[in-house]
Amino acid sequence: MTDLAHPDRLAKVAAIRADGRDPYPARGVKGEPVAELRAAAGSAAEPGARVGSTVTATGRLLGLRDFGKLIFAPLADRSGRLQVGLQKNRLPDWWPRRKELDGGDLVAITGELGHTQKGEPTIWATSVQLLAKAVAPPPEKWHGLTDKEARYRRRYVDLWASDGVQGVFIKRSAVLSGIRRFLEDQGYIEVETPTLHPIVGGATARPFVTHHNALGSDLYLRIAPELYLKRLIVGGLERVFEVARNFRNEGVSQRHNPEFTMLELYEAQADYRRMMELCEQLIEGLAQTVNGGTTVEYRGDTYDLSAPFKRQRYPDLFQEHNGCAFDDEPAVRARATELGIKEVDGFWKLSNDVFEETVEDSLRGPIFVTDYPVQICPLTKTSPEDERLAERFELFIGGMELANAFTELNDPAEQERRFAEQVALKDPETPGEVDYDYVQALEYGMPPTGGLGLGIDRLVMVLTGQDSIRDVLLFPAMRSLPGAEQELEENEAAPEEAVQG
RNA sequence: GGGCGCGUAGCUCAGUCGGUAGAGCAACUGGCUUUUAACCAGUAGGUCCCAGGUUCGAUCCCUGGCGCGCUCACCA
């Protein structure tokens, strides 16, 4: 047991066992959601149809208010809360054991649906059944858990002790099912591609490295599913999507977690314009489904997520905010010096750094920034109208990048050349070798294709009004505590004993 | 990784200008059959994050470490 287990509560567990009863029975009890029971109770002035009938509910007792021969307690389940009233004269057999019950315990309550004198809907219990004893005490009833570290580390408490937390994750689930419904209606199929990659690719990011013992080779946790999904387009699946967990070995922040979820989709015979329409329709539809409207509050500002979103070209935005063209090298270099931006990976990266510094924060959105410099788009088709530009767009809301999409580069020779350029940079965030298998896939012919990547965590942040990505992740990345680290080392010391799949 | 801040009872927080600590809630005992942060009386509960240093004495001051938050950098 950990030191959170309370001696008094442990003593109650022992007493229940000594009495021949089970504090952790194997079988649950079927109850009705308390929100439905609350609705069925109506109000004291206008009692619902089921007032006076016998009902059963299960859930967690959040606190006990003991009046001697009457105890009130809120019972919480996933649907909400409903008060239960425990009275001596309705529970003559159970009453002597009432001290066995503590706040936080999981119970099944059967009783008569009714109201109190103050009109609170209440189950007047005729049966109390312990389903699982809580030996760790619940958090303080009024403040709850406010310490963010405790909330993230003990999400299993936060979820029922903090208002609104369950709601965020229920909405997140609605976002995912909404995405699946929307795309399946459009003829897409959901696929799963490898998470362990022999070659890093599909994005610019530092990977996590791991090792496969039997194969005797290092593998990388995927930073993006992109190259595998486009292989499927070569394979003729035509419309595919994956809800992909990606891993990037970079810093954590309010907007970054080392593992995050991205929707990636690819559609044959489509281009980036079609992807823009798909993207805005998807987001508008999700806002309607999840929030019942397209207006959202995020970081103190109001955003209208109804389609169509605003569109502005990258070259125009660059010119507007910097007074020079993005490819006017002397002027851009002068501007970079003025802003204190240093060159790391050549002029085009520098130019884009200037763009990000001067433009991105002002993009409240929702806005599509379109037509990026081709040099910073290694997987994107060059614009037929302007060879300096690539058919790519990014979606911004509240200064935050939510989506990235383009008309996919399908010329194998050009793809090989651009891969080689990336490898030549020898940057820890660019691929270390050319993915020839992917080039070969393109050699078989990939149809004209549009692709879209949408950050699910960030989208959920916008749709639920959460400022930090940690608040839309059930278990955000945290440093391991000293004790946990020790356990990890002990486990690693005996790998042969690891459980086999 | 850098900067700033925080770490005291199960939870939310006071406090000690350096003399080993308090409140409310939770728990326990007693009272109370209509509360909803119930109330009243009492009891118990702490390596004051860790390790060094200064000091007669450190929870407090200093140094280092650990953890978290915010922020900057990198990225989505």
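Numbered from 1 within each chain, the chains take letters A, B, ... in sequence-line order.
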- [ ] State the CZ-CG distance between Phe326(A) and Asn352(A), to the nearest 0.5 angstrom.
- [x] 10.5 Å
TODO: Output yes if the stacking criterion (under 5.5 Å between centres, under 30° between planes) is met for Phe72(A) over the base of rA38(B), else no.
DONE: no
Task: rA51(B) versus rA58(B) - spacing of their C1' atoms, nearest Å - done: 14 Å
Task: Interatomic distance, Asp471(A) CG vs rC68(B) P [rounded to whole Å] - done: 15 Å
- [ ] Could you tell me whether Glu394(A) contacts a base, only the sugar-phosphate backbone, or nothing, with contacts defined as non-hydrogen atoms closer than 4.0 Å?
- [x] nothing
Task: Base-pairing mate for rG67(B) - Watson-Crick or G-U, with both contacts under 3.5 Å - done: rC6(B)
- [ ] Round to a whole Å and report the spacing from CZ of Arg153(A) to C1' of rG69(B).
- [x] 12 Å
- [ ] Measure from CD on Glu357(A) to P on rA73(B) and round the result to the nearest Å.
- [x] 7 Å
Open item on the list: Closer than 3.5 angstrom, by distance alone: can the side chain of Ser351(A) be matched with the main-chain N or O of Phe347(A) as a donor-acceptor pair?
Closed with: no
Open item on the list: For Phe260(A), is there any backbone N or O sitting under 3.5 Å from a side-chain donor or acceptor partner on Asp457(A)?
Closed with: no
Open item on the list: Which residues in residues 83-98 of chain A have a heavy atom closer than 4.0 Å to any atom of RNA chain B?
Closed with: Gln83(A), Gln87(A), Asn89(A)
Task: Mate of rC11(B) where both pairing distances stay under 3.5 Å, Watson-Crick or G-U - done: rG24(B)
- [ ] Could you tell me the separation between the CD1 atom of Ile341(A) and the P atom of rC72(B), rounded to a whole number of Å?
- [x] 15 Å
- [ ] Can you tell me, in whole Å, how much space there is between the C1' of rG7(B) and that of rC13(B)?
- [x] 13 Å
Task: Check ion pair Lys310(A)-Glu280(A) (N to O, under 4.0 angstrom) - done: no
- [ ] Please say whether more than 12 non-hydrogen atoms of neighbouring residues, nucleotides or ligands are located less than 6.0 Å from OH in Tyr220(A).
- [x] no
Open item on the list: Can you check the distance between rC28(B) and rC62(B), where both ends of the measurement are the P atom (answer in whole Å)?
Closed with: 42 Å
Task: Gap between atoms CZ and C1', on Phe67(A) and rA38(B) respectively (whole Å) - done: 4 Å
Task: rC74(B) phosphate, OP1 or OP2, under 4.0 Å from Arg206(A) side-chain N/O - done: no
Open item on the list: Could you tell me how far rA21(B) sits from rU16(B) if I compare only their C1' atoms? Round to whole Å.
Closed with: 8 Å
Open item on the list: What is the separation between atom OH on Tyr152(A) and atom C1' on rC70(B), rounded to the nearest whole Å?
Closed with: 11 Å
Open item on the list: What's the separation between atom CZ in Arg335(A) and atom CG in Leu339(A), rounded to the nearest 0.5 Å?
Closed with: 4.5 Å
Open item on the list: It should be established whether Arg154(A) places a side-chain nitrogen or oxygen under 4.0 Å from OP1 or OP2 of nucleotide rC68(B).
Closed with: no
Open item on the list: Need to verify one output field. Residue with the more 5' nearest nucleotide on RNA chain B, Thr116(A) or Ala150(A)?
Closed with: Ala150(A)
Task: Atom P, compared across rC4(B) and rU63(B): separation rounded to whole Å - done: 12 Å
Open item on the list: On RNA chain B, does the nearest nucleotide to Arg248(A) precede the nearest nucleotide to Ala477(A) from the 5' side, or the other way round? Give the residue.
Closed with: Ala477(A)
- [ ] State the CG-CD distance between Asn257(A) and Glu250(A), to the nearest 0.5 angstrom.
- [x] 12.0 Å
TODO: Using a 4.0 Å heavy-atom cut-off across all strands, classify Glu120(A) as base, sugar-phosphate, or nothing.
DONE: base
Open item on the list: Any side-chain N or O of Arg65(A) below 4.0 angstrom from OP1/OP2 of rC32(B)?
Closed with: no
TODO: Answer with base, sugar-phosphate or nothing: what part of the nucleic acid does Arg81(A) contact at a heavy-atom distance below 4.0 Å?
DONE: nothing
Check nucleotides 23-27 of chain B for protein N or O atoms closer than 3.5 Å to its own N or O atoms and list the pairs.
| residue | atom | partner | partner atom | Å |
| --- | --- | --- | --- | --- |
| rC25(B) | O3' | Lys141(A) | NZ | 3.1 |
| rA26(B) | OP1 | Lys141(A) | NZ | 2.7 |
| rA27(B) | O2' | Asp8(A) | OD2 | 2.5 |

Open item on the list: Classify the ring geometry of Phe355(A) against Tyr314(A): parallel below 30°, tilted from 30° to 60°, perpendicular beyond 60°.
Closed with: parallel
Open item on the list: Checking side chain to side chain donor-acceptor pair (under 3.5 Å) between Thr122(A) and each of Gln83(A), Arg38(A), His115(A), which is the one that passes?
Closed with: Gln83(A)
Task: Between C1' of rU33(B) and NZ of Lys69(A), the distance in whole Å - done: 8 Å
Open item on the list: I'd like to know if the side chain of Arg222(A) and the backbone of Pro194(A) have a donor-acceptor N/O pair within less than 3.5 Å.
Closed with: yes
TODO: Write down the distance separating the C1' atoms in rC39(B) and rC25(B), rounded off to the nearest Å.
DONE: 14 Å
TODO: Rounded to the nearest angstrom, tell me the gap between atom CG in Leu10(A) and atom P in rC28(B).
DONE: 12 Å
Open item on the list: What's Asn257(A) touching, base or sugar-phosphate or nothing? Going by heavy atoms closer than 4.0 Å.
Closed with: base
Task: Sidechain-backbone polar pair: Arg50(A) side chain, Ala40(A) backbone, donor-acceptor under 3.5 Å - done: no
TODO: Using the P atom on both, measure rG1(B) against rA9(B) and round to a whole Å.
DONE: 28 Å
Open item on the list: Does the plane of the ring in Phe393(A) sit parallel, tilted or perpendicular to the ring in Phe368(A)? Use 30° and 60° as the thresholds.
Closed with: perpendicular
Task: Integer angstrom distance from the C1' of rG52(B) to that of rG22(B) - done: 29 Å
TODO: Could you please name the partner base of rG19(B), counting Watson-Crick and G-U wobble pairs only when both distances are under 3.5 Å?
DONE: rC56(B)
TODO: Tell me the partner of rU29(B), counting only Watson-Crick (N1-N3 plus N6-O4 or O6-N4) or G-U wobble (N1-O2 and O6-N3) with both under 3.5 Å; none if nothing fits.
DONE: rA41(B)
